[in-house]
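Here's the structure, in structure tokens; my notes come after.
Since the model is a prediction, treat every value here as computed from it, not as a measurement. FYI, side chains are in, hydrogens and waters are out, and symmetry mates aren't considered; it's all heavy atoms of this structure.
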Amino acid sequence: MIRTHQAGTLRAEHAGQTVTLAGWVARRRDHGGVTFIDLRDGSGVVQIVFRSTEEAHALRNEFCVKVTGTVGARPEGNENPELPTGAIEVTVTDLEVLSEAAPLPFPIDEHVTVGEEARLRHRYLDLRRDTQARYIKLRSRANAIAREVLGEREFLEIETPTLTRSTPEGARDFLVPVRLQPGSWYALPQSPQLFKQLLMVAGMERYYQIARCYRDEDFRADRQPEFTQLDIEMSFVTQDDIIELGEAIVGALWKELAGYELQAPLPRITYHEAMDRYGSDKPDLRYSVELKDLTAYFAGTDFRVFQADYVGAVVMPGGAAQTRKELDGWQDWAKARGARGLAYVVLDAETGEARGPVAKNLSEAHLTGLADAVGAKPGDAVFFAAGARHASQELLGAARIEIAKRANLIDESAWAFCWIVDAPMFEKTDDGAWTAVHHPFTSPNEEWLDRFEEAPDKALAYAYDIVCNGNEIGGGSIRIHRGDVQRRVFTLLGITEAEAKDKFGFLLDAFQYGPPPHGGIAFGWDRVCMVIAGTDSIRDVIAFPKSGNGFDPLTGAPTPITGQQRKEAGVDAKPKEAVKA
RNA sequence: GCCGACGUAGCUCAGUGGUUAGAGCACCCGCCUGUCGAGCGGGUGGUCGAGGGUUCGAUUCCCUUCGCCGGCGCCA
């Protein structure tokens, strides 16, 4: 090594030692006769002092330098308690500029906010910033912790192909042309789902992988076209076994990275209960504000809008104090989400009288009983949604989150976990057919195994999601391992035998040879790291993330290809057999 | 695909239908021996995202377009 110590590790006990350091000029304070420089390396920052000012004068921000000097206690009164190294400084006797830095496109400074585009274009500079570097380091530790927990439990880390066949998730595939077979294409995996099931058939019993996955869908703050899953599958297990494992992993992560002791077992909430109480399948349990079903309460109302399959409400504590403009703002908020609006009633802070545009449509009895029915107090506002049950609950669920934000009900220091269990097997598509909510290999639970056809809309699966502070951080299921059940599911989904054989015949083939009962879970690893890091963008925990539209501001990818590449790749080749849509 | 916000110096932002578009930081030069987001003085730096329109005159108003961010749709 060309250095003897790491800058951030120097302490008072090093006083008197001669050390050689290497790092970057983080900041310079040039007083003419004496110059202070904050020297930064991967471990932190230490102040170095130049008495001979000539050479220090030429140094600029982010020059990469090597210095030799003597560690000494700082003069009385000049200590900096803000810095771990603040008790000492290194007086430089020898300086070598390892490389110079051009003027920076943006300051490497925690105090200055810089636009994301500039940061990503020069991500290698962005990552020199302490906060950003910490996110990346945290992720590395998260990987190590997961491997440790799984290794102890005798899981095998097994890689699966990234050039593969389209798997049955619902998203659009990224496709790769195949030079050796013009007209045929690989798909990049949306997850290693089928491969991990094949590994179970192969007797690998306990598999995991930190797997890159690809989905060609639009972006969000917590979605990238390529992302990472901690992907896990086990044989001979029940749902409880997977949940226990999930809690062990999450427990280890939060203990070591967030200093939080997980209270296992975590609460389990059924999917339907979550929708009824929180209007979400990933409820944020850091605050209460629950939905109230008022369908029965308003039965027989003259108000047309409330003559619906479902009428629900959510209370905003103190919401009556909102200005007319703020209350109108909720209407715009609801319309932006595709709703007609958000009916509301405010309860007078003094009298508790129910007022508002909707109040005049409601009977005296309904108005006077409302506060009790929804659990509201004088001074609160009550928001209503009426219509189709699921959509109305989702609107109220979104309102619940917005209420918590606006009324400052979120304890930012809290961790609230839960499992959402008993997810439905199927849901109706727009054209009236059934589709798998999870994926078509998800097992019905015991209760529905023999009769899910009787009421597909009510049938429940052995499927579970783990939720933290309103983020779905992982999810999985027990898989179908019986051929007859799998065939019945395909039949319900309208997948013919020929289609099934064509799409995933290799899996069905494998399942002819004594497949073990198995199940698994996948953690959205970027999201897990994001949540632990306490940031609100997945891009913070990805070393080189893409920006909107899949553009990489650093490399400029994607780029057009040359005619030669196009020809060789076989992009335009016609497949030998026509493929059905 | 839809909705909303934003786009002015390298960075973060202010500003205006009318003379030469500003500030802080960065950068360059100088001063300065105890700073720690050092300080002081001077200087360089602008296609006001792009195109079109209205106007005597547009960075400012209008339209289109591009980029970016957030959300909806989409993504089990």
Side-chain angles (χ1 to χ4, degrees), chain A residues 26-39 45-53 56-58 60-62 74-83 85-86 89 91 101-122 125-126 167-173 190-191 193 213-225 227 271 281 332-339 394-395 398 401-402 423-427 429-430 435-442 461 463 465 472 475-477 493 522 524 536-537 539 546-549 551 553:
Chain A
R27 190 165 283 122
R28 100 198 126 94
R29 294 175 292 278
D30 186 346
H31 290 246
V34 62
T35 300
F36 303 101
I37 281 175
D38 291 339
L39 184 76
V45 173
V46 71
Q47 172 163 288
I48 62 177
V49 186
F50 290 83
R51 304 269 171 208
S52 59
T53 61
H57 195 67
R60 290 294 180 271
N61 283 340
E62 300 306 317
R74 294 196 188 186
E76 186 80 34
N78 283 302
E79 302 86 356
N80 185 349
E82 305 285 308
L83 293 177
T85 59
E89 59 193 6
T91 303
L104 301 169
F106 54 83
I108 314 291
D109 186 336
E110 290 297 317
H111 303 92
V112 180
T113 56
V114 180
E116 191 164 36
E117 203 186 347
R119 287 174 37 212
L120 294 184
R121 194 163 57 242
H122 304 278
L125 294 178
D126 189 35
T167 50
E169 282 81 6
R172 226 170 271 121
D173 285 318
Q190 296 180 26
S191 79
Q193 181 60 38
C213 308
Y214 307 86
R215 292 178 191 176
D216 187 7
E217 295 292 345
D218 287 1
F219 286 60
R220 282 288 188 287
D222 62 352
R223 276 187 353 221
Q224 285 266 304
F227 63 98
Y271 171 87
D281 59 1
D332 297 333
W333 173 89
K335 281 172 187 156
R337 309 186 61 88
E394 282 190 327
L395 178 64
I401 296 169
E402 196 62 26
M425 285 279 293
F426 308 104
E427 64 186 355
T429 60
D430 293 336
T435 182
V437 170
H438 199 61
H439 58 59
F441 311 108
T442 301
D465 289 340
E472 183 199 321
S477 64
L493 295 174
D536 52 11
S537 170
R539 294 186 290 267
K546 289 170 178 53
S547 71
N549 302 323
F551 181 70

Among C28(B), C68(B), G73(B), which is the nearest nucleotide to the side chain of D218(A)?
G73(B)

Flag the pair R539(A) and E116(A) as a salt bridge only when some basic side-chain nitrogen lies within less than 4.0 angstrom of an acidic carboxylate oxygen.
yes

The residue, V49(A) or R60(A), whose nearest nucleotide of RNA chain B is more 5′ is R60(A)

Sorted by position of nearest nucleotide on RNA chain B, 5' first, the leading residue of R172(A) and R29(A) is R29(A)

Give G77(A) one of three labels, base, sugar-phosphate or nothing, depending on what nucleic acid heavy atoms sit under 4.0 Å from its own.
nothing

Roughly how far, to the nearest 0.5 Å, is NE2 of H57(A) from CG of D30(A)?
5.5 Å

For atom C1', what is the distance between U8(B) and A23(B), given to the nearest Å?
13 Å

Among the nucleotides C36(B), G73(B), C75(B), whichever has the atom closest to the side chain of A171(A) is C75(B)

Rounded interatomic separation in angstrom, taking CD from E62(A) and C1' from C11(B)
14 Å

With distance as the sole criterion, do the side chain of R74(A) and the base of C36(B) form a donor-acceptor contact below 3.5 Å?
yes

Length of the CD-P vector between E82(A) and C36(B), whole Å:
12 Å

Among A76(B), G71(B), C27(B), find the nucleotide with the atom closest to the side chain of R28(A).
C27(B)

Whole angstroms only, please: what is the CD1-C1' distance between I48(A) and U35(B)?
14 Å

From C-beta outward on D109(A), which listed nucleotide comes closest to its side chain: C68(B), A76(B), G37(B)?
G37(B)

With hydrogens left out and only the distance checked, is there a donor-acceptor pair under 3.5 Å joining R337(A)'s side chain and the base of G73(B)?
no

Touch class at under 4.0 angstrom, heavy-atom based, for A436(A) against every strand present:
nothing

Over 12 foreign heavy atoms within 6.0 Å of CG, D332(A):
yes

Does S547(A) place a side-chain N or O at less than 4.0 Å from the phosphate oxygens OP1/OP2 of C68(B)?
yes

Using a cut-off of 4.0 Å on non-hydrogen atoms, how would the nucleic acid contact of Q47(A) be classed: base, sugar-phosphate, or nothing?
base

CA sep, side-chain torsions, deciding dist, call: D173(A), Q190(A), side chain to side chain contact (heavy atoms under 4.5 Å, CB included)
CA-CA 7 Å; D173(A) 285 318; Q190(A) 296 180 26; 2.6 Å; yes

Strictly below 4.0 Å: does N80(A) bring a side-chain N or O up to OP1 or OP2 of U35(B)?
no

Heavy atoms only, 4.0 Å cut-off, all strands: where does E116(A) land among base, sugar-phosphate and nothing?
sugar-phosphate

Salt bridge D218(A)-R223(A), side-chain N to carboxylate O under 4.0 Å
no

If I pick the P atom on G43(B) and the same atom on A58(B), what distance separates them, to the nearest angstrom?
31 Å

Evaluate D465(A) against Y271(A) for side chain to side chain contact (heavy atoms under 4.5 Å, CB included), listing each step before the verdict.
CA-CA 9 Å; D465(A) 289 340; Y271(A) 171 87; over 6 Å; no

Protein-nucleotide distance (E117(A), atom CD; A5(B), atom P), rounded to Å
20 Å

Any base atoms under 4.0 Å from E89(A), or only sugar-phosphate, or nothing? Heavy atoms, all strands.
base

Can you tell me which nucleotide in C36(B), C28(B), U33(B) comes closest to the side chain of H31(A)?
U33(B)

How about H31(A) and F36(A): are their ring centres within less than 6.0 Å of each other?
yes

After noting the C-alpha distance and the side-chain angles of H122(A) and L104(A), does the key distance pass the side chain to side chain contact (heavy atoms under 4.5 Å, CB included) rule?
CA-CA 10 Å; H122(A) 304 278; L104(A) 301 169; over 6 Å; no

Between the base of C74(B) and the side chain of R223(A), is there any donor-acceptor pair under 3.5 Å?
yes

Evaluate side chain to side chain contact (heavy atoms under 4.5 Å, CB included) for I108(A) paired with E62(A), printing each intermediate quantity in order.
CA-CA 8 Å; I108(A) 314 291; E62(A) 300 306 317; 3.6 Å; yes

Between C3(B) and G10(B) - P atom distance, rounded Å:
33 Å

Measure the shortest side-chain to side-chain distance between F551(A) and K546(A) over non-hydrogen atoms and say whether it is less than 4.5 angstrom.
no

Under a 3.5 Å cut-off for both distances, is A26(B) Watson-Crick or wobble paired, and to whom?
none

Using Watson-Crick or G-U wobble geometry with both distances under 3.5 Å, which nucleotide pairs with G1(B)?
C72(B)

Counting heavy atoms from C-beta on, name the nucleotide in C11(B), C32(B), C68(B) closest to the side chain of F106(A).
C11(B)

With a non-hydrogen cut-off below 4.0 angstrom, is D332(A) in contact with a base, only sugar-phosphate, or nothing?
nothing

In Watson-Crick or G-U wobble terms, both distances under 3.5 Å, what is the partner of A58(B)?
none

Say you pick atom C1' in G49(B) and the same atom in C31(B); how far apart are they, in whole Å?
41 Å

Using a 4.0 Å heavy-atom cut-off across all strands, classify R539(A) as base, sugar-phosphate, or nothing.
sugar-phosphate

Taking atom C1' in both G45(B) and C68(B), what distance in whole Å separates the two?
25 Å

F36(A) stacking on U35(B): centroids under 5.5 Å, ring planes under 30°?
yes

Pick the C1' atom in C32(B) and in G70(B), then give their distance to the nearest Å.
48 Å

Rounded to whole angstroms, how far apart are CD on E402(A) and C1' on G4(B)?
14 Å

For the C1' atoms, the ones on C48(B) and on U59(B), what distance do you get once it is rounded to whole angstrom?
4 Å

Within the structure, does a side-chain N or O atom of N78(A) lie under 4.0 Å from either OP1 or OP2 of C36(B)?
no

Considering only atom C1', compute the distance from C6(B) to U12(B) and round it to an integer number of Å.
14 Å

Rounded to whole Å, the CG-C1' distance (L125(A) to A26(B)) equals 13 Å

To the nearest angstrom, how far is F50(A) atom CZ from C36(B) atom C1'?
15 Å

Whole angstrom value for the distance that separates P of U33(B) from NE2 of H57(A)
13 Å

Scan V114(A) against the nucleic acid and name what it touches under 4.0 Å (heavy atoms): base, sugar-phosphate only, or nothing.
sugar-phosphate

Please tell me which of the listed nucleotides, G37(B), A76(B), C36(B), lies nearest to the side chain of E427(A)?
A76(B)

Base, sugar-phosphate or nothing for E79(A)? Non-hydrogen atoms, less than 4.0 Å.
base

Looking across every strand, which nucleic acid part, if any, lies under 4.0 Å from P105(A) by heavy atom: base, sugar-phosphate, or nothing?
sugar-phosphate

Table of protein N/O atoms under 3.5 Å from nucleotides 21-25 of chain B N/O atoms:
none

At their closest point, which heavy atom of F106(A) faces which heavy atom of D126(A), and how far apart are they?
CZ-N, 3.8 Å

Measure the CG-CZ distance between D216(A) and R172(A) for me, rounded to the nearest 0.5 Å.
6.0 Å

